[in-house]
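So the structure is just underneath, and the comments pick up after that.
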Protein chains: 2
Amino acid sequence: MAKNIQSLERAAAMLRLLAGGERRLGLSDIASALGLAKATAHGILRTLQHEGFVEQDPDSGRYQLGAELLRLGTTYLDVHELRARALVWTDDLARSGGEAVYLGVLHLQGVLVVHHVFRPDDSRQVLEVGAMQPLHSTALGKVLSAFDPVAHAELVDAKREPFTARTVTDLDAIERDLDLIRAQGYATDAEETWEGVAALAAPIFDRHRMSVGAVGITGAVERVCRDGEPRPELIAALRDTARSVSRDLGAKPF
Amino acid sequence: MAKNIQSLERAAAMLRLLAGGERRLGLSDIASALGLAKATAHGILRTLQHEGFVEQDPDSGRYQLGAELLRLGTTYLDVHELRARALVWTDDLARSGGEAVYLGVLHLQGVLVVHHVFRPDDSRQVLEVGAMQPLHSTALGKVLSAFDPVAHAELVDAKREPFTARTVTDLDAIERDLDLIRAQGYATDAEETWEGVAALAAPIFDRHRMSVGAVGITGAVERVCRDGEPRPELIAALRDTARSVSRDLGAKPF
DNA sequence: GATAGTGTTTAGCATTGTCGAACGGCGGTA
DNA sequence: TACCGCCGTTCGACAATGCTAAACACTATC
C-alpha cells in the first residue's frame, strides 16, 4: 500500500467540502470540518487560491471554488476520447428519437454526465454536463452497474435512496433487474428517479470489450413508453448508437 | 511574502500541463517538463489519480485529466453568484437580440466564459462555457480591461497575438480604444478575433462599483453591424441587461 | 535476446509542511 | 465607548513529511 501525499489529500478534501456545502465556507468551518489546525488549513487554502482553484470573497473572507476548476473541467471534456467519438452519433440519436440524449461514465458512486444533447424542440432546457446521477435508479446507472464490475461494487456499497414510489432500493430486486439488463442489453428507468420521466440506456464498450460508459435517452414517460413498455424503435435506435460508438472505440463486432 | 505549499504548486502545474498538451502525457514527459525527479512526479500523480483529478490509461500508462475536475468545475458554476444573477437576463437578451450571448469573468490572462446562451435559431452550436477568450481582441476582454485595473495589468503583460488582419496589437492603439470604451460604456470587436464575427460587450458592477464581469453579444458581422457600426438597438438592449444584472448584484444606480 | 524506453518501488536524508499560540481587525453587545 | 468574541492571518520551532537518487520490473523495438 503506497502512501499518498498528505497535503494533496487534504487539499482535495477541501475542494470537495467546498463543492458540497451550498454557500461559501469560512476558514474555521473548513479547519474544524477536516480536523485540521487553522494555520494548516490556511496554508493549503492560500496555495489553492494562488493557483486559482479557490476564491476568497474580499468582504466576508469566506472561500468558494475557483475559476480554474471550470477551465480544467472543460479541458477534461476536450480530451475525453469516449465523448469525442460519441459526439457525432448522439446528435443523430436525439434527432431521430426526438428526445434528450445523455452520455455518462462511472465516477465515484454515481454516473457523471459528460455529454448532453437537448431534446430537439424549442423548449428551454438546462445543460446537465458535469452533473451526477445515482447508480441504482437511473437507466445510465443501471446499465453501467450491469456491465462494469467496478460500478456494480459501487452500487452495492452506495446508500440507495428512494426518489419516487417506484424506486427499487432492495439489493436482491436490483440484482434481478441487472440480470435482465445483461440479458437484453439495455436498461430502463420508468419513473424510478423523477416522476413522469422515463429513460433507456445501453452500454458502450472499448477495444477490450470493457464497459467504459453508457448512452441514454430520457424524456416524458408518455412519449418514451407505450402501454407501459419502452417504444421498440427507440430501443433499436439507442442500441445502434451504442454499437456505433463502441465500434469507433475499437470494439470488434465479434 | 508568505510561502505556498510546494507539493500543491507542483500538482497544480501538472494539471495545467495536462490541460495544455493535446493528448495524454507520460510520466517521464511530465517529470522533465517540470524539472522533477520521476519518483516525485509519480507520487503527486498517484495522489491526484486517487482523488480523481487525473486518470491513467491502463494500456499506455499515460496520464490525462480526471473526471472529478469536471464535477467540481460544474459545481463552481452553481455557486457563482454573478452567473446566477445573470441567468434570467441573458435569456431575454438572446431572444430580443437574436444573437448568442456570453457572460465572462477575468481569469489569468484572459476571459473565462461562465455562461453562454445559444443564438435562438435551430442551427447547431457548441457550448463555450469554460472556454477562454483573449483580453486584447474580444469585446468581453476589452471591456474588462477598460473597467478592471487587474484585467488591464494582465492585458499589458500578456503577449497580444494577432488573429485577423484587423486585430490591434499595438499597446498605444489599444489604450486609445480603452479610453473610448470607458467613455461610451461598451466595447466592440469588429472581426478582430474571428473573420466575419463581430461582438459587443458591456461591464457588470457589484455593490462596490467594481467590475466583476461582462456580458456580450456575438454574431455574424452582417447581422450585428450596419454600415460598419454596431446596431444601436443591440447596444441599448445589451447595456440594459448589464445594468439589470449590476442592480441585482447590489450596485446602486447612483 | 539485448536494448532502451516506460512506470513503479525502495530507502535515507533534510526539506517541508504541520502545529499551537499569539496577532490585528471587525462586528457585534453591554 | 469600551468590551468581548470570533474572524482570518502570521510567527517560530519541531519532526513528520515528502523529496531525491538509484535500483526495480516490465513492455515494446530492433
Side-chain angles (χ1 to χ4, degrees), chain A residues 1-18 21-66 79 81 206-208 210 250, chain B residues 1-15 17-18 21-66 79 206-208 210 250:
Chain A
M1 178 73 189
K3 64 180 197 292
N4 287 328
I5 295 180
Q6 187 186 55
S7 54
L8 273 182
E9 285 182 328
R10 288 171 169 179
M14 279 184 197
L15 292 178
R16 275 194 292 271
L17 185 68
L18 288 171
E22 288 302 312
R23 66 188 187 292
R24 304 178 239 253
L25 291 175
L27 170 63
S28 306
D29 305 328
I30 297 174
S32 67
L34 300 179
L36 299 175
K38 274 201 301 182
T40 306
H42 177 67
I44 296 174
L45 281 169
R46 183 184 48 214
T47 309
L48 286 175
Q49 180 183 13
H50 184 252
E51 302 293 338
F53 292 95
V54 149
E55 292 171 0
Q56 187 178 26
D57 183 41
D59 295 336
S60 64
R62 286 209 274 267
Y63 293 91
Q64 63 167 46
L65 294 181
V79 183
E81 187 181 358
D206 67 0
R207 72 188 75 88
H208 303 299
M210 304 295 288
Chain B
M1 179 70 187
K3 64 180 197 297
N4 287 327
I5 295 181
Q6 187 186 52
S7 54
L8 273 182
E9 284 182 329
R10 290 172 168 177
M14 280 185 196
L15 292 179
L17 185 68
L18 288 172
E22 289 300 311
R23 67 188 184 295
R24 304 177 237 253
L25 293 175
L27 171 61
S28 306
D29 306 328
I30 298 174
S32 68
L34 299 179
L36 300 175
K38 274 202 300 181
T40 306
H42 177 69
I44 296 174
L45 281 170
R46 183 184 48 212
T47 308
L48 286 175
Q49 180 182 13
H50 184 252
E51 301 293 338
F53 292 96
V54 150
E55 293 171 1
Q56 187 177 24
D57 183 40
D59 296 336
S60 64
R62 287 209 188 86
Y63 293 91
Q64 64 167 39
L65 294 181
V79 183
D206 68 359
R207 73 189 74 89
H208 303 299
M210 304 295 288

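Sequence lines set the chain letters: A, B, ... in the order given, protein chains first and strands last, and positions in each chain run from 1. Predicted model only: the values in this text are computed from it and were never measured.
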Before giving the answer on side chain to side chain contact (heavy atoms under 4.5 Å, CB included), spell out for B:E51 and A:L15 the whole-Å C-alpha distance, their side-chain angles and the decisive distance to 0.1 Å.
CA-CA 11 Å; B:E51 301 293 338; A:L15 292 178; over 6 Å; no

Using the [atom1] atom as the reference point in each nucleotide, state the distance between [N] and [M] in Å, no decimals.
| N | M | atom1 | value |
| --- | --- | --- | --- |
| C:dT16 | D:dA21 | P | 13 Å |
| C:dG24 | C:dG20 | P | 22 Å |
| D:dC19 | D:dA15 | C1' | 15 Å |

Report the nucleotide, chosen from [options], that has the shortest atom-to-atom distance to any side-chain atom of [X].
| X | options | answer |
| --- | --- | --- |
| B:K38 | D:dT9, D:dC19, C:dG7 | C:dG7 |
| A:A39 | C:dT8, C:dC19, C:dG17 | C:dC19 |
| B:S7 | D:dC11, D:dG8, C:dG17 | C:dG17 |
| B:A37 | D:dT10, D:dT20, C:dC19 | D:dT20 |

Distance check needed: [N] [atom2] versus [X] [atom1], whole Å only.
| X | N | atom1 | atom2 | result |
| --- | --- | --- | --- | --- |
| B:D59 | D:dA28 | CG | C1' | 13 Å |
| A:I5 | D:dA16 | CD1 | C1' | 14 Å |
| A:R46 | C:dT16 | CZ | C1' | 13 Å |
| A:D29 | D:dC6 | CG | P | 13 Å |
| B:L45 | C:dT6 | CG | C1' | 14 Å |
| B:N4 | C:dT15 | CG | P | 20 Å |
| A:L27 | C:dG25 | CG | C1' | 15 Å |
| A:L36 | C:dA21 | CG | P | 17 Å |

Looking only at side-chain N and O atoms, does [X] come under 4.0 Å of OP1 or OP2 in [N]?
| X | N | answer |
| --- | --- | --- |
| B:Q6 | C:dA14 | no |
| A:Q56 | D:dT9 | yes |
| A:S28 | D:dC6 | no |
| B:R10 | C:dG17 | no |
| A:H42 | D:dT9 | yes |

Start with the C-alpha gap between B:I30 and B:M14, add the side-chain angles, then the distance that decides, and say whether side chain to side chain contact (heavy atoms under 4.5 Å, CB included) holds.
CA-CA 7 Å; B:I30 298 174; B:M14 280 185 196; 3.8 Å; yes

Under 3.5 Å, is there a donor-acceptor pair between the side chain of B:T47 and the main chain of A:L8?
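No, because the side chain of B:T47 does not come within donor-acceptor range (under 3.5 Å) of the backbone of A:L8.
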
Counting N and O atoms only, with roles assigned by atom type, does the side chain of B:Q56 sit under 3.5 Å from a partner on the main chain of B:G61, one being a donor and the other an acceptor?
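Pair found, side chain donor or acceptor close to backbone of B:G61.
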
Using heavy-atom distances to pick each residue's nearest nucleotide on DNA chain D, tell me which of A:L8 and A:Y63 is more 5'.
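Its nearest nucleotide being more 5', the pick is A:Y63.
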
Contact nearer the 5' end of DNA chain D, comparing B:T40 with A:G26
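Closest to the 5' end, via its nearest nucleotide, is A:G26.
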
Between OG1 of B:T40 and NZ of B:K38, what distance do you get to the nearest 0.5 Å?
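Output value for this atom pair is 11.5 Å.
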
What's the separation between atom CD in A:Q49 and atom CD1 in A:I44, rounded to the nearest 0.5 Å?
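Rounded to the nearest 0.5 Å, the CD-CD1 separation comes to 14.0 Å.
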
